[in-house]
Amino acid sequence: MKLNSIAILAFCCCWMANAQMDITKGFSLLDSGQFKEASIFFEAYLKEDPLNKSARICYGRAFGLSGKPEEAITYFEAMKADYPNDYEIESNWCEAFLWARKFKEAKPHYQQLVKNNPDKFGAVLGLANTLSNLQEYNAALKWVNKAIAMEPENEGAKVSRKYIYLGYAYKLSKIDQFKPAENLLNKVFVDFPEDKQGLQNLANLFLMSKEYDKQIATYKRLATTHADSITALNGISLAYHLKEDDKSALNSVLKAKKKVDMVANHPQTEDTYNRYIQALIWNQKYVVARKKIDSLEKHYPNSNWLTLLRSTLGMYTGDFKTSITNYDVILERDSTSFDGNMGKANAMFANDNLVPAYENAFNTLKIYENQKDAVGFIEKLNLQNTPTAEEWLQYTFDNGNNIAYAATTTVDIPISPKFKTGFLYQYRNSENEITVNKASSHTFTGTASYKLVPRVNLIASGGVYAARFLDTTYITPLLDVKLQTKPLKLNSLELNYKREVQAFNAELIKREIIMNHYGLTYNLGTNFNLGWYTQAMYTTQTDENVRQLLFTSLYYNLFKKPAFKFGVNFQYLSFKNQVPTIYFSPSIYKNMELFFDLRGDLSKKTKGYVSAAGGLQQVEQDDMTVIYRAEGGLTHAFTKRLSLTAYGKYSNIASAIGAGFQFTEMGLRLKWNITEKPLFFNQLFGKDMALLEN
């Protein structure tokens, strides 16, 4: 810290008339911040006049501010012995603690200095600055306002108050006190209208509070010079991305890029091209982004920001292994990199490596205390891996006068990052209002899931099905085995076998028909929003019938948020034997339909979905008929661990010839995450618990 030039002139020039050297040169060096040169000057001067108090003070300030604050503290302590209770010496001694960043030690010294000299502006301002550095902002504001009351036009005091406002606002923002922080930042503009630091901090605050329109408006206020307009356009680009308007994000950064390209070696070139490539990735212009990264690497070899962009590109294109490799390169260069640690955590999670995902998130918290993204990421992992219980209530009726009620209880218990178990119990009651046939059933199954390697899961469930029809009761075993894999990026493949009971209505339950399904499900995604889903199933039944089913869907993801996709579905169904009086079993059945699916957040705690489809169906050689179906639902999260979903759906597929296939269903699902953390959390990450409890 520097005393203002007037103060230095007052105590350094009082003896100029008797000096043997021209002290104004030393004063100029000190006042202009050339502390090392000033130290040499005053050291030489004191050889001629060693007892000159003012020269000694100037010398102590000079070498203290030139990087030797500890020596300055000792130096002024020695001077205090020579000049007891001298305000100038006491003041410089206190200030030396600030140079050494010993703010806790400085505080009691300044308090004593102010107590002894309550009318001294420098003492009051020094105390305010000390309290500010200790983040005791309320007290700091009190004392800086007292200093300004003493000297209302003092620029240094107003600057101190500005930094107190900035620091206090940042502290409040860390605990989500966004409105009080905004009020403090707006006070900066009273002393310094449209102050650049104040505007930048205000824009960052609106980023944290997710008030993106205000963030954009603030950046526009900042854009008053060529350099500031580039900063503003880059910030506006990010704000538009967070508003989920990626087209505007790209347009904004293109303007910044144009300004940067006007000046050779512009200091904001890297920041602007970084945002430009990010915007290309956000807009799924992956080929252009990759070519631009390749081009820039010729000019910026081994640069972290380009390696990070490669990692980001990998995350967006599903190439998670490449992203992990690039994040490792970043961490080798800088183990404290936030982008490296948090980026690798996300990449590990996306690549189905749960433990390393946790570890990298905790590494982030060790470096960046209470960092919100890391804390939120760990909370997300916890929610996905804690034991859950779900209660599902269903009511179904169809055009065959069948009605059914069902209640299903499911519990899933992840035992370890690789192994999960659970069980299901369902009670179902079915009846036909015409035949008055009634049936009830109980289903008990246990499930075990094991991750063989990342992206390969083996899931098996087995149990019993017990049904009662009039006076007849029967019990049969159930089995379901699945091998779920993701063999290539953006691809998933599932092989499965399932043994189940034909239990759609009471008539079918009475016949005790067991079905053995052998199935394959394949989903192919792309980087240009097109997807293809296919399911093939071969079924043998205990009534000697055989079913073949093929369902394929070509779809296009138009939006990400809200998630909106549309496409075309085709289904082919064939039965070996036709028993239309018992169940729908044509030799050939085909349908084709157009569909859409829309899902998104209605509020912070409520989300919903709606899907519908319509098309044509043909049974055997009959005329084509119109089909349509629709489904919708709402999910409300009462807490992070408790949610309720209400839904309804209707379908008339195959309603023309088969009783029981025009149906309506309504239901409720209540889901509860039983614990806050996974059962394996303490064993694997107990040593890091304190990082979440700060």
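As the structure is a prediction and not an experimental result, all values here were calculated from the model.
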Asker: Quick one: are Asp82 and Arg56 in side-chain contact, heavy atoms under 4.5 Å?
Answerer: yes

Asker: When rounded to the nearest 0.5 angstrom, what distance separates CG in Leu184 from CG in Leu141?
Answerer: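 If I round to the nearest 0.5 Å, the distance is 7.0 Å.
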
Asker: Heavy-atom count check: over 12 atoms from other residues, nucleotides or ligands less than 6.0 Å from Tyr170 OH?
Answerer: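 Incorrect, the count does not exceed 12.
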
Asker: Would you verify whether the NZ or CZ of Arg221 falls within 45 degrees of the ring axis of Phe189 while also being under 6.0 Å from that six-membered ring's centre?
Answerer: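 Yes, a cation-pi geometry holds between Arg221 and Phe189.
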
Asker: Examine the side chains of Asn116 and Gln112 and answer whether a donor and an acceptor come within less than 3.5 Å of each other.
Answerer: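 Asn116 vs Gln112: donor-acceptor pair found between side chains.
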
Asker: When Gln200 is tested against each of Leu222, Asp195, Leu185, Thr218 for side-chain contact (heavy atoms from CB on, under 4.5 Å), which residue passes?
Answerer: Leu222

Asker: First locate atom OG of Ser160, then atom CG of Asn145, and finally report the distance between them rounded to the nearest 0.5 Å.
Answerer: 11.5 Å

Asker: Taking atom NZ of Lys380 as the centre, report whether more than 12 heavy atoms of other residues, nucleotides or ligands fall under 6.0 Å from it.
Answerer: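 Atom NZ in Lys380 is crowded, with more than 12 foreign heavy atoms closer than 6.0 Å.
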
Asker: Less than 4.0 Å between a side-chain N and a carboxylate O, is that true for Glu211 and Lys214?
Answerer: yes

Asker: Begin from the C-alpha positions of Asp328 and Lys344 and carry the test salt bridge (charged side-chain N to carboxylate O under 4.0 Å, His left out) through to its verdict.
Answerer: CA-CA 8 Å; Asp328 283 336; Lys344 187 176 179 181; 2.6 Å; yes

Asker: Could you give me the CA-CA distance, side-chain angles and deciding distance for Lys53 and Asp86, then say whether salt bridge (charged side-chain N to carboxylate O under 4.0 Å, His left out) is met?
Answerer: CA-CA 11 Å; Lys53 184 183 79 169; Asp86 182 281; 2.9 Å; yes

Asker: Can you spot which of Lys107, Lys142, Lys171 makes a salt bridge (charged side-chain N to carboxylate O under 4.0 Å, His left out) with Glu136?
Answerer: Lys107

Asker: Identify which one of Trp99, Phe76, Phe35, Tyr75 satisfies the ring-ring contact (aromatic ring centres under 6.0 Å, His included) criterion when paired with Phe63.
Answerer: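 One option only clears the test, and that one is Tyr75.
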
Asker: Taking C-beta and beyond as the side chain, do Phe338 and Ile367 meet within less than 4.5 Å on heavy atoms?
Answerer: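 Side chain of Phe338 against side chain of Ile367, heavy atoms only: no contact under 4.5 Å found.
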
Asker: Regarding Thr224 and Lys196, is there a side-chain donor-to-acceptor distance under 3.5 Å anywhere?
Answerer: yes

Asker: Whether Lys102 engages the ring of Phe97 as a cation-pi pair (distance to the six-membered ring centre under 6.0 angstrom, angle to the ring normal within 45°) should be assessed.
Answerer: no

Asker: So, applying side-chain hydrogen bond (donor to acceptor under 3.5 Å, both in side chains) with Asn673, which one of Asn382, Asn385, Thr386 is it?
Answerer: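 Among the candidates, only Thr386 passes.
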
Asker: Please round to the nearest 0.5 Å and tell me the distance separating atom NZ of Lys292 and atom CG of Leu280.
Answerer: 9.0 Å

Asker: Which word best sums up how the rings of Phe349 and Phe377 line up, parallel for under 30°, tilted for 30 to 60°, or perpendicular for over 60°?
Answerer: perpendicular

Asker: CZ/Phe638 to OG1/Thr606 distance, rounded to the nearest 0.5 angstrom?
Answerer: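 That separation rounds to 8.5 Å.
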
